[in-house]
Enquirer: 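Let me give you the structure first, and then I'll get to my questions.
For this chain, numbers begin at 1 and follow the sequence in order. Any value given below was found using the heavy atoms of this structure, including those in side chains, with hydrogens, waters and symmetry copies removed. Since the model is a prediction, treat every value here as computed from it, not as a measurement.
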Amino acid sequence: MLVPKLDDLMMTSYGVMRDTEFFRKQKNVTVLTHTEAIKINREEKKVIARNLISGLEDSITYDYLVLATGAKPSIPPISGADLNHVFTLHHPHDAQTLKEFIKANKIKHVTVMGSGLIGMEPADALASPRLKVVLCEAESQVLPKLLDVDMAKLIESKIIESGVDISLSCRVNALEGDAEGNVCRVVTEQGTIDTEAVVIATGVRPVVDLASNAGITIGSTGAIQVDEHMMTSDPAIYAGGDCAEQHHLITGEPVYIPLASTANKQGRVIADHIGGIDTRFAPVEGTSVPQAFDLNIGRTGLGEKEAKEKGYNVVTSVSSGLDSTHYYPMHANITTKLIAEQESGRLLGAQVCGMGESVKRLDVLATALKFGAKVEDLIDLDLAYAPPFATAIDVLIHAATTQENMRLGLAKGITAETVQKRLQAGERLYILDDRELEEVEASPLPIEGTVVISLGELRDRWEEIQTDSLIVTVCGLGIRGYEAACMLKGKGLKEVAFLQGGISVTKAYFK
């Protein structure tokens with residue numbers, strides 16, 4: 001286990017437990033445990049609190065009040081959600097309880113409802129040869145709020161390889177129990193799943209009852225509405241963390257993206273403003289990074305679908321590359337999707353996925369978004385290079401160059417998803433695999449009729465190519481496919497496109 005003791009989560013980096021004594025001695029903060037705030041009296045500036053052990057109520061006066069009521073699991077309105085052996089994962093102890101239950105009862109089957117950030121973690125952690133995990137997702141893809149469909153496909157492929165069953169477009173209608181009140185079946189639109197435990201991981205919603213009952217404005221997202229200083233509609237009351245909404249950098253619209261990093265930054269803004277410092281909380285980009293099934297996954301900014309819904313004329317690219325040099329023993333692949341505005345080239349969003357160090361690149365892309373960079377600006381970045389850390393042309397710069405060439409019409413790319421759909425529709429495509437013969441033999445492209453001509457032979461054999469349909473050039477990562485497409489265009493062949501991302505992306509679509 002990466003975290004051997006649960007208490008480690010509550011400790012400082014220097015080994016001190018963050019308990020009531022820690023806050024009293026080191027922060028001069030009095031923490032009232034077993035105490036619930038039940039009402040805000042804004043006129044008298046008092047909070048009515050109840051001691052959960054004695055039941056006694058008391059009032060606490062304030063000059064300024066900070067609401068940090070957080071969020072709670074969003075439970076779908078289905079019957080059986082209150083059965084035994086139905087779990088949610090919100091507090092660290094929830095995970096501990098689930099783990100102990102599985103071990104003590106030798107559980108062999110668990111169903112996870114939801115494939116978002118919360119659902120991915122238990123599905124990944126629990127899957128093993130002795131424990132079957134089924135992942136039910138109501139949407140048509142995994143990580144629906146994080147990734148576009150094409151990037152999600154890469155994760156789906158890896159999940160299946162790990163032995164987890166995925167049921168997409170699988171809305172759960174009810175949970176059924178046995179005579180002892182223990183969950184034993186999951187009833188979905190696709191059929192019934194026999195199971196021994198259920199994890200409900202269908203997201204969270206902000207806890208705003210205290211604020212709402214006090215007449216504080218709730219925003220369109222369902223979270224507490226705040227200004228750039230995190231001040232609510234009452235100038236003496238602030239809100240921060242998972243109960244407060246934010247604004248998106250690109251659209252300027254209110255959003256609800258609960259993250260620990262956001263909550264910590266908001267806490268600083270609130271403290272500064274109460275102390276008289278004019279600190280402001282900046283709009284967010286929605287940068288999020290889960291790690292699951294050996295993949296480093298992330299997004300920042302808008303996705304392709306979101307950008308189109310907001311009225312942007314977008315150009316997208318999908319490219320693959322290595323996070324360090326091929327001769328360095330620890331290298332691994334990264335797939336990068338860039339979303340930009342067609343006319344200006346301004347970066348609108350990015351998504352990454354791979355076993356390689358993708359988060360480093362995502363942070364660069366998030367920084368570029370912050371300052372309104374164009375994709376061409378990414379090409380000029382002076383990024384760090386040494387063989388253990390990057391290739392001479394970093395995978396991020398390679399992605400930017402690919403995107404810009406496509407935006408300017410210098411190269412035509414085609415996605416694996418488009419190829420799949422066109423072939424399924426009966427259209428004829430000329431698939432040209434330009435990898436070396438030993439690469440093809442080790443991992444053949446499972447598309448009937450594929451022609452193999454290596455890039456090194458293509459200049460001498462290009463006249464063998466049939467030109468009565470679109471020519472799709474394919475390689476391992478997409479780089480040689482791009483070079484082959486450029487070469488063939490130079491020979492006068494007009495209908496040529498390289499397969500974006502190469503075999504590393506295509507294998508998620510073709511088995």
Enquirer: Between CD1 of I339 and CD of Q351, what distance do you get to the nearest 0.5 Å?
Expert: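 Here the rounded value is 5.0 Å.
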Enquirer: Do any N or O atoms from the side chain of D394 and from the backbone of A390 form a donor-acceptor pair under 3.5 angstrom?
Expert: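 No, D394 side chain to A390 backbone: no donor-acceptor pair under 3.5 Å.
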Enquirer: Give the minimum heavy-atom separation between A384 and K360, together with the two atoms involved.
Expert: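 Looking at all heavy atoms of both residues, the closest pair is O-NZ, 4.4 Å.
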Enquirer: Please answer whether the main-chain N or O of F281 pairs with a side-chain N or O of Q266 as donor and acceptor at a distance below 3.5 Å.
Expert: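 Looks like no, no N/O pair under 3.5 Å.
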Enquirer: Between S320 and T335, is there a side-chain donor-acceptor contact under 3.5 Å, judged purely by atom types and distance?
Expert: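 Yes, S320 and T335 have a side-chain donor paired with an acceptor closer than 3.5 Å.
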Enquirer: If you round to the nearest 0.5 Å, how far is OG1 of T232 from CZ of R42?
Expert: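 Spacing of CZ (R42) from OG1 (T232) equals 7.0 Å.
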Enquirer: Quick check: are there more than 12 heavy atoms from other residues, nucleotides or ligands sitting under 6.0 Å from CZ of F389?
Expert: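 For F389, atom CZ is not crowded (no more than 12 foreign heavy atoms under 6.0 Å).
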Enquirer: Looking only at atom types and distance, does a side-chain atom of Q342 sit under 3.5 Å from a main-chain N or O of R407, one as donor and one as acceptor?
Expert: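 Yes: the side chain of Q342 pairs with the backbone of R407.
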Enquirer: Rounded to the nearest 0.5 Å, how far does CD of E376 lie from OG of S344?
Expert: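 Reported value, rounded in 0.5 Å steps: 9.5 Å.
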Enquirer: Is there side-chain contact between P76 and V172, with at least one heavy-atom pair below 4.5 Å?
Expert: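 The answer is no; the side chains never approach within 4.5 Å.
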Enquirer: Is there side-chain contact between I60 and Y62, with heavy atoms separated by less than 4.5 Å?
Expert: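 The answer is no, as the side chains (C-beta and beyond) never meet within the 4.5 Å cut-off.
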Enquirer: Just verifying a value: how many Å separate L302 CG and L369 CG, rounded to the nearest 0.5 Å?
Expert: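 That separation rounds to 8.0 Å.
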Enquirer: Given 3.5 Å as the limit, does a donor-acceptor pair link the side chain of Q246 with the main chain of A244, or not?
Expert: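 Such a contact is found between Q246 side chain and A244 backbone.
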Enquirer: A side-chain contact here means heavy atoms from C-beta on lying under 4.5 Å apart; do N105 and E196 qualify?
Expert: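 Contact flag for N105/E196 side chains = no.
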Enquirer: If you apply the rule side-chain contact (heavy atoms from CB on, under 4.5 Å), what do you find for M355 with L295, and how did you get there?
Expert: CA-CA 5 Å; M355 296 181 70; L295 295 174; 3.9 Å; yes
Enquirer: If you compare all heavy atoms of F293 against all heavy atoms of A123, which two are closest, and at what distance to 0.1 Å?
Expert: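 Heavy atoms only, the tightest pair is CZ-C, 3.8 Å.
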Enquirer: Quick one: are N51 and D58 in side-chain contact, heavy atoms under 4.5 Å?
Expert: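 When only atoms from C-beta onward are counted, D58 and N51 do not touch, as no gap falls below 4.5 Å.
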Enquirer: Indicate yes or no for a side-chain donor-acceptor contact from T262 to the backbone of P258 under 3.5 Å, with no hydrogens or angles considered.
Expert: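 Here the side-chain-to-backbone pair does not exist.
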Enquirer: Which heavy atom in V110 sits nearest to a heavy atom in I102, and how many Å separate them?
Expert: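 The answer is CG2-CD1, 4.2 Å.
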Enquirer: Between E100 and K103, does at least one N-O distance fall below 4.0 Å, as a salt bridge requires?
Expert: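 Here E100 does not pair with K103 in a salt bridge, since their nearest N and O are not under 4.0 Å apart.
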Enquirer: With a 4.5 Å limit on heavy-atom distance, are the side chains of C243 and V207 in contact?
Expert: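 A side-chain contact under 4.5 Å is absent here.
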Enquirer: Is there a side-chain contact between R24 and V31 (heavy atoms, below 4.5 Å)?
Expert: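 Heavy-atom side-chain distance check fails, nothing below 4.5 Å.
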Enquirer: Measuring from atom OH of Y509 to atom OG1 of T418, what distance do you get when rounded to the nearest 0.5 angstrom?
Expert: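 One finds 8.5 Å between OH of Y509 and OG1 of T418.
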Enquirer: Sort and list the pairs that fulfil salt bridge (Lys or Arg N to Asp or Glu O under 4.0 Å) and have at least one residue in residues 297-316, not counting sequence neighbours.
Expert: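 Salt bridge (Lys or Arg N to Asp or Glu O under 4.0 Å) check on residues 297-316 returns E253-K310, R299-E306, E304-K308, E304-K337.
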Enquirer: Does atom OH of Y64 have more than 12 heavy-atom neighbours, drawn from other residues, nucleotides or ligands, at distances under 6.0 Å?
Expert: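 Not more than 12 within 6.0 Å, no.
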Enquirer: By side-chain hydrogen bond (donor to acceptor under 3.5 Å, both in side chains), which residues pair with K132, not counting sequence neighbours?
Expert: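 For K132, the residues satisfying side-chain hydrogen bond (donor to acceptor under 3.5 Å, both in side chains) (neighbours in sequence not counted) are D165.
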Enquirer: Under a 3.5 Å distance rule, please check whether R185 uses its side chain to pair with a backbone N or O of T192 as donor and acceptor.
Expert: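 Not at all, since once roles are kept as given, no pair shorter than 3.5 Å links the two residues.
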Enquirer: E57 pairs by salt bridge (charged side-chain N to carboxylate O under 4.0 Å, His left out) with which of K46, K39, R50?
Expert: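 That would be R50.
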Enquirer: Could you check V284 against L259 for side-chain contact (heavy atoms from CB on, under 4.5 Å), going step by step and ending with a plain yes or no?
Expert: CA-CA 11 Å; V284 300; L259 295 169; over 6 Å; no
Enquirer: Could you tell me which non-hydrogen atom of V375 sits nearest to which non-hydrogen atom of E404, and how far apart they are?
Expert: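 In this case the closest contact between V375 and E404 is CB-OE1, 4.0 Å.
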Enquirer: Walk me through whether T61 and K45 qualify under side-chain contact (heavy atoms from CB on, under 4.5 Å).
Expert: CA-CA 6 Å; T61 60; K45 287 191 172 183; over 6 Å; no
Enquirer: Considering all heavy atoms of both residues, which atom of G298 and which atom of L147 are nearest to each other, and what is their separation?
Expert: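 In this case the closest contact between G298 and L147 is O-CD2, 3.9 Å.
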Enquirer: Test side-chain contact (heavy atoms from CB on, under 4.5 Å) on L98 and L126 and set out the steps.
Expert: CA-CA 10 Å; L98 175 62; L126 296 176; 4.2 Å; yes
Enquirer: Tell me whether the count of non-hydrogen atoms from other residues, nucleotides or ligands lying under 6.0 Å of CZ in R268 goes above 12.
Expert: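 Counting other residues, nucleotides and ligands, CZ of R268 stays at 12 neighbours or fewer.
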Enquirer: Per the side chain to side chain contact (heavy atoms under 4.5 Å, CB included) rule, which among V198, V187, V186 passes with I193?
Expert: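 Testing I193 for a side chain to side chain contact (heavy atoms under 4.5 Å, CB included) against V198, V187, V186 leaves exactly one candidate, V186.
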Enquirer: Checking the side chain of N182 only, and the main-chain atoms of D178 only, is there a donor and an acceptor separated by less than 3.5 Å?
Expert: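 No; zero donor-acceptor contacts below 3.5 Å.
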Enquirer: Assess the side chains of T402 and S319: does a donor N or O sit below 3.5 Å from an acceptor N or O?
Expert: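 S319 and T402 do not have a side-chain donor-acceptor pair below 3.5 Å.
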Enquirer: Could you tell me whether the side chain of H91 and the main chain of H93 form a donor-acceptor pair under 3.5 Å?
Expert: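 Side chain of H91 to backbone of H93: no pair is present.
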Enquirer: Considering non-hydrogen atoms only, spot the tightest contact between I397 and L378 and give its length.
Expert: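 The pair with the smallest heavy-atom distance is CG1-O, 3.7 Å.
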Enquirer: Could you give the distance from CE (M11) to CE (M17), rounded to the nearest 0.5 Å?
Expert: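 Between M11 CE and M17 CE, I get 4.0 Å after rounding to 0.5 Å.
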Enquirer: Keeping S162 on the side-chain end and I160 on the backbone end, is there a donor-acceptor pair under 3.5 Å?
Expert: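 Answer holds: no.
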Enquirer: Taking the side chain from R361 and the backbone from E357, do they hold a donor-acceptor pair closer than 3.5 Å?
Expert: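 Yes; judged by distance alone, with no hydrogens or angles, the pair exists.
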Enquirer: Does the side chain of H273 come within less than 4.5 Å of M231's, by heavy atoms?
Expert: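 M231 reaches H273 side chain to side chain.
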Enquirer: Taking atom CG as the centre, does D278 end up with more than 12 heavy-atom neighbours from other residues, nucleotides or ligands that are less than 6.0 angstrom away?
Expert: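 More than 12 heavy atoms, drawn from other residues, nucleotides or ligands, come within 6.0 Å of this atom.
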Enquirer: Compute whether any side-chain donor of one residue and acceptor of the other, for E343 and N313, lie under 3.5 angstrom apart.
Expert: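 Side chains of E343 and N313: pair found under 3.5 Å.
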Enquirer: M113 pairs by side chain to side chain contact (heavy atoms under 4.5 Å, CB included) with which of T88, T188, V134, I78?
Expert: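 In the set T88, T188, V134, I78, the residue that makes a side chain to side chain contact (heavy atoms under 4.5 Å, CB included) with M113 is I78.
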Enquirer: In the structure I gave you, are the side-chain heavy atoms of Y256 and D242 within less than 4.5 Å of one another anywhere?
Expert: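 Result yes, sub-4.5 Å side-chain heavy-atom pair found.
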